[in-house]
Every structure is written in C-alpha cells, then in structure tokens.
Amino acid sequence: MELNKENMRKIRWLIAFAVLLYLGIQNLAVVLKYVKLLWGLLLPFVLGGAMAFVLNVPMSFIERHLFGKVREKNNKAGKAASKLARPVSLVLSIVFVILLILIVVLVVAPELGTTLVSVVKKVEEDIPLAQKWITDTFNGDSEIVKWASAIEIDPQKILDSIVSVLKNGADNLVSSTITVTMGIVSMAVNFAIGFVFACYVLLQKEKLGKQVLKATYAILPVKVVEYQSHVCTLASKIFASFITGQCIEAVILGSMFFVTMTIGRFPYAMLIGVLISFTALIPVFGGIIGCWVGFFLILMVSPLKAFMFLGLFVILQQIEGNLIYPHVVGNSVGLPAIWVLVAVTLGGNLMGIVGMLIFIPLVSVLYTLFREWVYARLDKKKVKIS
C-alpha cells in the first residue's frame, strides 16, 4: 500500500478508532453509564419517531385518497386543499387510532371481567363434582381421597387473603408508591414530548427530509449518502408495508373468528375474536397463542365446544395462510419463511413481543441488502448461477 496523503489519513482515522475502542472496553462501566444517560435523554424523541412512523401510514393513505385529486387542480380549491391536506389528515389519523383503542378497551374490558367471573363460578361449581369423581375412582387410595376432599375454592377467602397481603405490604407500598408515581410521571412526560415531536415531524416531513439530506451531503461522501438514502427508502417501504399488511390481516382473521363462532354459538365469541386479532399481530406464534387461550376459556364452559374450536382454528388458519395472507401482505417484506421464523425467534428472545414485530422487517431489510451485495459481486465476477 502506498503511503500517500489519502492512505495516511485513513490510517490515522483507523488508529484513532482503535484507541477509542480500547479505552471504551477498558472503561466499559463508565461507557455504559453514559450510554444509559444518553438513552434517557433521547427516549422521548425515539418514541416520537416511532409514533410518527406508525401515524404516517394512515396519514399518507388519507392524504392520498381524500385530497389527492383536489390538490392537482390549479385553482383556489386546489391551493386550499394543499394547505389543509396535511393537518387534516394528521388529525383524522390520531382520531382513528384513539377511537380504535377506545373501542377495543370498551369491548374487551367488560367482556374480560364477565369471563373471569364466569370462570371462577364454573370452577367453584365443578370442584364438588371433581371431588366426587376422584373419591369414587380412587376409593382404595386414602391419600388421594384425602387430598381431593381438602380442595376448596372460596371467593371470600381469596379476597380476604388479598386484603391481608395488601395490609402486610402497606409499609413497603408507601415507599414504592413514590417510585411508581415518579416512573408514571416520567413516562407520561416522555410520551407527551414524543407525541408533540411526532406531530412536528409529520407536518414538516418533506422540509426535515431535505435538511437532513443537505447535512449528510455536506458531511459524508456522495456515494455514502446515496447508499444511505437507498437503505432508508428500502427500510421505510418494508416497515410500512409490513405494518399495514399485518394490521389488515389481523383484523380480517379476528372478524372471521367472531363471525364463525357467533354462527356456531361458541361462548366468548367477541372476546376471542378481539384476542386473536391482537395476537395475530405477532407473526408465526401469535395465532397459536390466541388459539390456546381461547381453547381453555371455552373448555371451562363446554369441553365439546373447546375441541370443536380447535378444528375451527385449523380450518380458518389454512384459509388465512393460503388465501388471505398472500394477497393482503403478499411478498411485501420479501423474506423467505425460514428467515421469518429466525427473525421472530431472535426478536422474541431479545425484546419480547416488540422484538417479534420489529425483527421481521429489520431482518428483511438486511436480507435484501445482502442479496443486492451478493448479486453485485456475482455480476462483477461474471458468475451466473441458474
């Protein structure tokens, strides 16, 4: 390698990076402390960015379909529509999300409360029958009969136990209440700042995009900026397609369960339909989770209906997987099934449910970029593999 001016500059940067990396590893505790502090400062804006990305999906849809044709006209109506399109679309998107949350809460909360009361009553009624069956079956084994006779579920005793625990933990409750309250206040402040930041970003997204592009062109080489823009465009497209498709697919699947369960006179049709809609947002495993929760809820009422529900679940999952999902979500994320499973598993282990949702489009972006790099390398080497 020639030691010209350009190579010497690269060597200096490499040495500086190596020294900083060594110092960082040697003082890892201090580095993590400042990283945590920096994350706390940036958290409201990270939340705001996430909210802006999610709200941008319905906002762009409303703006495109509600104001698209009017904005093209070169008259007063077109100019007025151009000014009002963005704020009106943003307000409608926020109202839509709030109404969706309220509907789910108002539907699920009362239904869930009723379900829990019914399950407790059912268990309380079935305990004597189970004790009689165990006594008749294991009459020769006195220990099993004695254990079965000792089983007792008394709602009042359970309530008294909860009250006793609350009384005994009153001292700790006073001290922990301050911590919990401060955490809630901090979370509310971060959410409020993030929401305002999200609204500002959405209202000025084109202007902010140009400002960021100018700054990156001024700081970084042109090729780096062009590749960075390509990566950001690809990531935005894949994430938006994934969110839109997954939400539509979840709503359709939940509606199918609600309608078929209502027709079949299954218990908890509304609750299980909403539950499956939410769990279906988690790819691969979400539907299975909703299935088993619904199975155990129905099992408390009717074992026959519970096993019929499993059959219904298999049928609807086949319809959803083979007909609905390919048309609604399609190949928008461009990720083979095996890598979807890997992404969901890694995301779940690292970040829980949020990781399951994020890792599929994230891995899809990495997969697409890697595929582009492989094809470019093969083309450069003039290698063709059919």
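Please read all numbers here as calculations on a predicted model, not as lab measurements.
One distance of note links CG of L369 with CZ of R371; it measures 10.0 Å at 0.5 Å rounding. Between the CD1 atom in I238 and the CG atom in L234 there is a gap of 4.0 Å [rounded to 0.5 Å]. Distance check, rounded to the nearest 0.5 Å: CD1 of I94 to CG of L55 gives 6.0 Å. I276 contributes atom CD1, which lies 11.5 Å from atom CD1 of I288 (distance to the nearest 0.5 angstrom). Atom CZ of residue F309 and atom OG of residue S302 lie 13.0 Å apart, to the nearest 0.5 angstrom. Atom CG of L47 and atom CE of M187 lie 9.5 Å apart (nearest 0.5 Å).
Other members of the cluster containing V314 do not exist, because no ILVMFWY side chain is joined to it at under 4.5 Å. Under a 4.5 Å side-chain heavy-atom criterion applied to ILVMFWY residues, the cluster that includes L37 comprises V30, Y34 as well. In the hydrophobic clustering (ILVMFWY side chains linked at under 4.5 Å, chained through shared members), I219 is joined by L213, Y217, L220, V222, V224, V225.
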Using the rule given for side-chain contact (heavy atoms from CB on, under 4.5 Å), can you reason through L362 versus F239, listing the C-alpha separation, both sets of side-chain angles and the distance that settles it, and then say yes or no? CA-CA 8 Å; L362 181 62; F239 270 81; 4.3 Å; yes
ring-ring contact (aromatic ring centres under 6.0 Å, His included), that's the test. Do F313 and F295 meet it? Break it down for me. CA-CA 10 Å; F313 177 82; F295 171 77; over 10 Å; no
Working for side-chain contact (heavy atoms from CB on, under 4.5 Å), residues S93 and F61: CA-CA 9 Å; S93 301; F61 179 84; over 6 Å; no
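In plain terms, the two heavy atoms of L297 and Y268 that are nearest each other are O-CE1, 3.4 Å. Annotation for M51 and A198: closest pair CB-CB, 4.0 Å, computed over non-hydrogen atoms. For the pair C291 and L310, the tightest heavy-atom approach, listed with the atom from each and the gap, is SG-CD2, 3.6 Å.
Side chains of C199 and L90 form a contact here, defined as non-hydrogen atoms less than 4.5 Å apart. Taking 4.5 Å as the limit, some side-chain heavy atom of L43 sits within range of a side-chain heavy atom of W39.
With hydrogens and angles ignored, the 3.5 Å screen pairs a side-chain donor or acceptor of R86 with a backbone N or O of L202. In terms of modelled atom types and a separation under 3.5 Å, the side chain of T279 and the main chain of L275 share a donor-acceptor contact.
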Distance-only donor-acceptor pairs under 3.5 Å for side chains of residues 250-264, two or more places apart:
from : atom 1 : to   : atom 2 : distance (Å)
S255 : OG     : V251 : O      : 2.8
T260 : OG1    : M256 : O      : 2.7
T260 : OG1    : F257 : O      : 3.2
T262 : OG1    : F258 : O      : 2.6

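The hydrophobic cluster containing W292 also contains L271, counting ILVMFWY residues as joined when their side-chain heavy atoms lie under 4.5 angstrom apart, directly or transitively. Clustering ILVMFWY residues whenever any of their side-chain heavy atoms sit less than 4.5 angstrom apart, transitively, puts V95 in a cluster other than the one holding L203. Tracing side-chain contacts under 4.5 Å through hydrophobic residues (I, L, V, M, F, W, Y), one never reaches V196 starting from V201; they form parts of separate clusters. Under a hydrophobic clustering in which Ile, Leu, Val, Met, Phe, Trp and Tyr are joined whenever their side-chain heavy atoms come within less than 4.5 Å, directly or via other members, F296 and L304 fall into the same cluster. Hydrophobic cluster membership is shared by F96 and I101, with clusters built from Ile, Leu, Val, Met, Phe, Trp and Tyr side chains linked at under 4.5 angstrom.
Partners of S60 by side chain to side chain contact (heavy atoms under 4.5 Å, CB included), not counting sequence neighbours, listed by chain and number: N56, R64, K205. The side chain to side chain contact (heavy atoms under 4.5 Å, CB included) test applied to K223 returns no partner, not counting sequence neighbours. Under the side-chain hydrogen bond (donor to acceptor under 3.5 Å, both in side chains) criterion, Q26 pairs with no residue, sequence neighbours left out. Taking E372 as the reference, H230 meet the side-chain hydrogen bond (donor to acceptor under 3.5 Å, both in side chains) condition, with sequence neighbours excluded. For V31, the side chain to side chain contact (heavy atoms under 4.5 Å, CB included) partners are V35, not counting sequence neighbours. With sequence neighbours left out, the side chain to side chain contact (heavy atoms under 4.5 Å, CB included) criterion links P44 to N190, I193.
For the ring pair (Phe, Tyr, Trp, His ring centres under 6.0 Å) condition, the pairs that include at least one residue of residues 190-210, sequence neighbours left out, are F45-F197.
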